[in-house]
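Take a look at the structure below.
For this chain, numbers begin at 1 and follow the sequence in order.
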Amino acid sequence: MEGSAVCPWVTWFIDVASKVIVGVAVTPHQPARDAVLAALRTGISRAAPYGPYGGLPGRVRVDRGKDFLSGAVARALGGFAVPVTTCRPTSRTGRAPWRP
């Protein structure tokens, strides 16, 4: 990557009630668990410089991306007892909750 242009990838968590981006990570590679965990950390932390929005979510809905469905992310959210639901793959908007 040194000296060459790369396409940055943005991974984010959105609070759908307030429509605020509460967690974000920008990486020079396709999203992977490291980016998701970094964005999750910024979304949960309410200390400066991250607050005042954010905090521990009541539920996380994911868009079926492999990076969000990784075991590391599930363990991190499970450690906080945060339920994770995935969106239905055939949903036109991809926003409808789906439980396998």
Side-chain angles (χ1 to χ4, degrees):
M1 286 184 263
E2 184 73 28
S4 63
V6 296
C7 179
W9 289 80
V10 178
T11 302
W12 60 27
F13 283 88
I14 300 171
D15 176 6
V16 295
S18 62
K19 299 189 181 1
V20 171
I21 297 172
V22 294
V24 66
V26 180
T27 57
H29 56 76
Q30 288 187 343
R33 68 177 173 228
D34 63 334
V36 176
L37 291 172
L40 181 61
R41 180 183 177 275
T42 63
I44 290 175
S45 179
R46 295 181 80 181
Y50 303 113
Y53 292 99
L56 197 59
R59 176 178 65 157
V60 172
R61 289 182 13 184
V62 298
D63 63 358
R64 301 192 50 79
K66 289 188 298 185
D67 42 324
F68 278 92
L69 297 175
S70 75
V73 174
R75 284 189 300 276
L77 290 168
F80 291 111
V82 175
V84 178
T85 58
T86 55
C87 294
R88 185 182 356 217
T90 58
S91 171
R92 190 176 113 137
T93 62
R95 302 289 187 251
W98 177 68
R99 290 172 185 83

Which pair of heavy atoms, one from [X] and one from [Y], lies closest together, and at what distance?
X     : Y     : value
Arg46 : Tyr53 : CG-O, 4.1 Å
Ala81 : Pro83 : O-CD, 3.5 Å
Pro57 : Val82 : O-CG2, 3.5 Å

Taking only distance into account, with no hydrogens and no angle test, what donor-acceptor pairs under 3.5 Å do side-chain atoms of residues 13-22 form with protein atoms, sequence neighbours excluded?
unit_1, atom_1, unit_2, atom_2, d
Asp15, OD1, Ala17, N, 3.1
Asp15, OD2, Ser18, OG, 2.9

Side-chain heavy atoms of Arg61 within contact of Val84, under 4.5 Å:
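Not in contact.
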Under 3.5 Å: donor-acceptor pair, side chain of Thr42, backbone of Ala39
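Here the side-chain-to-backbone pair exists.
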Using side chain to side chain contact (heavy atoms under 4.5 Å, CB included) as the criterion, list what pairs up with Ala72, not counting sequence neighbours.
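With sequence neighbours excluded, Ala72 shows a side chain to side chain contact (heavy atoms under 4.5 Å, CB included) to Arg33, Leu37, Ser70, Arg75, given in chain and number order.
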Calculate, to the nearest 0.5 Å, the distance between atoms NE2 and SG belonging to His29 and Cys7 respectively.
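That separation rounds to 12.5 Å.
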Quick check: is Val62 connected to Phe80 through a chain of hydrophobic side chains (ILVMFWY, heavy atoms under 4.5 Å apart)?
yes
In this structure, which one of Val36, Asp34, Leu40 forms a side-chain contact (heavy atoms from CB on, under 4.5 Å) with Thr11?
Val36
